[in-house]
Structures are given as C-alpha cells and as structure tokens.
Amino acid sequence: MADRTAVQPLGASTRRLSPKRVLTFAGAIIAFLIGSGFATGQEILQYFTSYGYWGIFGTGALVLALMSYVIIEFFVVGQAKKFDKPSQIFHYYCGKHLGSFFDYFSILFVFLSFAVMVAGAGAVFEEHYGLSRFIGGGALAIVVGASVWFGLRSLVDIIGKIGPLIVVIAIALGIMGIARGSDGISAGNALLPGLDVTQASSNWVLSALSYVGFCMLWLAAFLTALGKTARSRKEAVAGGSLGAIAFSLACIIVGLGLLANITKVAGTEIPMLVLATDISPVLASGISVMILAGIYTTAVPLLWTVSSRFFADNTPRFRYSTVGLAVLGTVIGLLVPFSQMVNVVYVVNGYVGILLLVLMLVKTATRACRDRLAPATGRNAITSRDLL
C-alpha cells in the first residue's frame with residue numbers, strides 16, 4: 001500500500017468554511033440516520049421511551065455525546081486519509097484481522113438494515129393505507145435502486161436536502177404529542193412499567209450503547225466516503241457536529257412525545273402515525289409521506305454502501321449488483337414483521353458495534369498521545385502506518 005504521509009494533518013484547515021456544504025453534510029447524516037426506525041417511531045419507542053425518564057434523558061445524553069464523537073471521527077479520518085475503499089476505515093481502527101471481521105460483518109448488517117427499511121415501508125402501506133405490504137416494500141426497492149444507480153454524488157445531493165425537513169417535521173410532531181398527550185409525560189412514565197413495551201436492552205445504558213453501536217456500523221463506510229469529499233477538517237467537524245446534535249435532540253423530543261401518549265402507542269407498529277392520527281387524519285396522511293421519505297433517505301445510502309463494497313461506484317457491475325441486492329433485500333424484508341426486524345437486527349448488531357466503539361476510543365486516545373509527544377514536523381498526520 002502506498003505511503004500517505006503527505007495527507008493533510010489532523011489539525012490542518014486551510015480553506016474557508018462553506019455554510020452550504022456544512023448544511024449539506026449535516027443533512028446527509030441526518031437523512032441516513034432517520035430510516036424506518038426513527039421515522040415510524042418504533043426505534044425511539046424501543047431504545048428511548050420504553051425506559052421512561054432515564055431512557056429519554058439518560059440514553060439521549062449518552063447518544064448525543066457518543067454519536068457526536070463517532071460521526072466527527074469518521075468524517076475527519078475520511079477527510080484526512082482519503083481511503084481508496086471506505087471499508088479500510090475498519091482496518092484503521094481494528095487492525096488487519098479484526099478489521100476484516102468488522103468489514104464483512106458490517107456489510108451483512110447494512111444489507112439486513114436495508115431489508116428493515118423495506119419492512120418499514122411495507123408496514124406503512126399495510127397499517128395506514130390498507131394496501132398490501134408487498135406493494136409498499138416493492139415500490140421502495142424500485143425507487144431506492146434507481147437512486148443508487150446514479151452513484152454517491154447524486155445520492156448526497158438528494159438525501160441532504162430531504163433529511164433536515166423530516167427532522168423538523170418529526171420534532172414538531174413530538175412537541176404536539178407532548179402538548180396534546182392523552183396521558184401526559186409524568187403519568188406516562190408512571191404507567192410504563194405496567195405496559196407491554198418492547199425494550200432494546202435490559203437497561204437504558206446498554207440501550208444507548210447498542211443504539212450508537214448499530215448506527216456506527218451504518219455510518220462507518222458512508223461517512224468515510226463522504227468525509228473524503230470535505231475540503232477541510234473544519235468543514236468535516238462542523239458538518240458532523242451539526243448532524244449529530246440535531247439528530248440526538250430530535251430523538252429526545254420525539255421520545256417525550258411518545259411517552260406522553262404511551263397507552264396509545266404501546267404495541268403499535270408505527271407510533272408516529274398514532275400521534276398524527278390523534279391530531280388529524282389529514283395530518284396523518286402527510287406524516288405517512290414523511291415516514292416513507294425518511295425510510296427512503298436511509299435505504300438509499302444503505303444499499304449504496306453494500307454495492308460499493310464490492311464494485312466501484314458508478315460502474316456497470318456496481319449498477320447490476322445494486323439491482324440484485326435490492327431484489328434480495330425486498331424478499332427478506334417482507335418475510336418478517338417490521339417491529340421484530342427492528343428488535344432483532346438492530347439490537348444484535350448494536351452489541352457488536354459497542355466493540356468497535358471501544359476500539360475507536362483506544363485508537364483516538366493513542367493517536368492523541370502520539371501527536372502530543374511528536375515534534376511539529378508533520379508526524380501528527382494520519383499516515384498509512386495507522387492501517388497496520
């Protein structure tokens with residue numbers, strides 16, 4: 001592997017910050033993280049609301065801190081290293097053998113997550129529109145496959161503009177849920193232990209770690225590739241920070257909205273539609289479109305990540321593999337109920353992601369110590385030796 005000692009040092013930042021590019025990067029991150037789990041409310045219900053106050057504020061605070069670190073770290077390393085293949089990020093943090101494990105494991109998980117998106121779209125069509133879930137899942141796969149066909153640059157332009165809008169709408173719905181809650185936040189917290197609400201883990205701390213863990217396996221390759229397009233470290237940090245903060249705060253607000261209506265949303269497949277329907281059937285129809293848009297913005301980069309792992313972006317083989325993977329993911333996604341897919345696929349992979357988080361923290365600490373001790377001669381740059 002060629003030496004990359006000339007790559008920009010971690011502290012370097014020579015270009016002016018572009019607010020437009022920062023917003024686009026933040027929007028792409030938010031759009032990727034929204035997905036069927038967040039947009040439907042199922043993910044927030046299982047990882048945050050199901051633990052009451054501790055889940056919303058405790059899990060929320062941990063997710064905010066750890067997600068900010070993870071996103072910025074992936075973005076900055078991607079911007080500095082400019083890997084030939086985004087999957088090399090796992091070798092950077094984990095070494096050759098363990099890095100290879102995370103590389104292939106993450107691809108499997110990302111592919112199964114695409115299947116979760118298909119299941120989510122199918123659930124919306126079935127529960128809200130009264131149509132077959134096969135129509136919803138199949139339609140999503142076709143639209144997503146067509147989007148991925150045109151490559152990463154077009155992908156970022158599309159989802160980077162949709163993501164912030166969806167988060168604003170979700171936050172507004174969460175606030176309305178808090179204000180109009182049939183139970184109220186305090187009563188909802190008291191009623192929670194007696195309700196049958198699926199939890200992601202045995203306690204809120206593990207829930208937070210698992211949540212960040214599965215998001216990391218989603219984000220690693222995509223943010224590494226996205227960071228490569230950033231023109232400076234400052235731009236990467238600003239975009240990553242804004243995306244992480246906005247998404248984490250949205251999780252907390254939506255979680256409170258669900259808690260205030262816990263007796264209505266417990267046991268439902270699409271809690272956000274329950275909140276919207278309680279306000280207005282017309283609003284519910286609009287929210288159903290928002291949910292589908294949120295599923296789309298995550299399904300696109302998930303499918304891109306899997307296809308780009310095996311073939312170069314925007315090549316004939318990349319496009320053909322995209323079609324094949326979309327078909328296979330659709331078949332899998334329509335075989336298992338949506339809520340079960342979220343609980344099994346996300347939670348199991350979240351625990352594997354915790355190991356990656358630990359290795360990342362060790363790598364970051366080691367790099368910081370090395371840079372502090374090294375003289376200012378450029379040796380604080382991220383080099384190809386970090387891959388060994």
Side-chain angles (χ1 to χ4, degrees), residues 27-43 86 106-126 133-167 170 214-215 217-223 225-226 243 247 269-270 272 288-309 313 318-319 321-339 341-342 345-346 349:
I29 292 167
I30 292 168
F32 195 178
L33 288 171
I34 287 171
S36 61
F38 177 92
T40 60
Q42 187 62 234
E43 182 180 292
S106 69
I107 288 299
L108 175 61
F109 168 56
V110 166
F111 174 69
L112 290 176
S113 297
F114 169 73
V116 173
M117 300 303 121
V118 172
V124 172
F125 269 67
E126 189 171 54
R133 69 179 189 276
F134 294 97
I135 296 176
L140 175 77
I142 291 171
V143 175
V144 169
S147 300
V148 176
W149 184 280
F150 295 104
L152 178 64
R153 188 172 298 277
S154 297
L155 181 157
V156 173
D157 290 340
I158 294 170
I159 69 171
K161 293 176 176 61
I162 298 176
L165 177 62
I166 296 174
V167 163
F214 89 73
C215 286
L217 293 177
W218 272 9
L219 291 167
F222 179 68
L223 286 188
L226 193 59
F247 179 75
E269 289 284 293
I270 311 177
M272 292 291 271
S288 69
V289 175
M290 179 210 79
I291 291 172
L292 291 172
I295 293 172
Y296 165 80
T297 61
T298 296
V300 169
L302 287 174
L303 186 57
W304 176 87
T305 298
V306 180
S307 292
S308 65
R309 170 60 184 83
D313 187 24
F318 169 83
R319 295 189 177 103
S321 71
T322 294
V323 173
L325 289 167
V327 172
L328 180 59
T330 302
V331 172
I332 295 173
L334 295 175
L335 291 177
V336 184
F338 173 57
S339 57
M341 288 280 287
V342 170
V345 175
Y346 287 4
N349 291 281

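All values below were derived from every heavy atom in this structure, side-chain atoms included, with hydrogens, water molecules and symmetry-related copies excluded.
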message = Which label fits Tyr346 and Phe214: parallel for a plane angle under 30°, tilted from 30 to 60°, or perpendicular past 60°?
response = parallel
key: Rounded distance [0.5 Å steps], CE in Met341 versus CE in Met117   = 9.0 Å
query = So, the side chain of Arg133 versus the backbone of Leu334: is there a donor-acceptor pair under 3.5 Å, distance only?
reply = yes
message = Ignoring hydrogens, what is the shortest heavy-atom contact between Gly243 and Ile30? Give both atom names and the distance.
response = O-CG1, 3.7 Å
task = Taking all heavy atoms of Ser307 and all of Leu325, pick out the closest pair and write down the distance.
result = OG-CD1, 3.5 Å
query = Is there a side-chain contact between Phe125 and Leu292 (heavy atoms, below 4.5 Å)?
reply = yes
key: Ala121 versus Gly136, closest heavy-atom pair with distance   = CB-O, 3.8 Å
task = Hey, could you give me the CG/CZ distance between Leu108 and Arg309, rounded to the nearest 0.5 Å?
result = 13.0 Å
query = Below 4.5 Å, heavy atoms only, C-beta onward: do Leu33 and Phe38 meet side chain to side chain?
reply = no
ask   = Of all heavy-atom pairs between Thr322 and Gly145, which one has the smallest distance, and what is that distance?
value = CG2-O, 3.8 Å
Distance in Å, Leu140 CG paired with Ile135 CD1, rounded so as to fall on 0.5 Å steps = 14.0 Å
request  = For the residue pair Phe318 and Val148, establish whether any side-chain heavy-atom pair is separated by less than 4.5 Å.
outcome  = yes
Derivation of the side-chain contact (heavy atoms from CB on, under 4.5 Å) call for Phe222 and Val110 = CA-CA 11 Å; Phe222 179 68; Val110 166; over 6 Å; no
inquiry  = Could you report the tightest heavy-atom contact between Thr330 and Ala141, atom names first, then the distance?
reply    = OG1-CB, 2.9 Å
message = If you define the side chain from C-beta out and look only at heavy atoms, does anything of Thr305 sit under 4.5 Å from Phe114?
response = no
message = Just verifying a value: how many Å separate Ile270 CD1 and Glu126 CD, rounded to the nearest 0.5 Å?
response = 9.0 Å
ask   = Got a second to check how far Phe111's CZ is from Leu303's CG, nearest 0.5 Å?
value = 8.5 Å
task = Return the minimal non-hydrogen interatomic distance between Leu217 and Phe109, and the atom names on each side.
result = CB-CD2, 3.4 Å
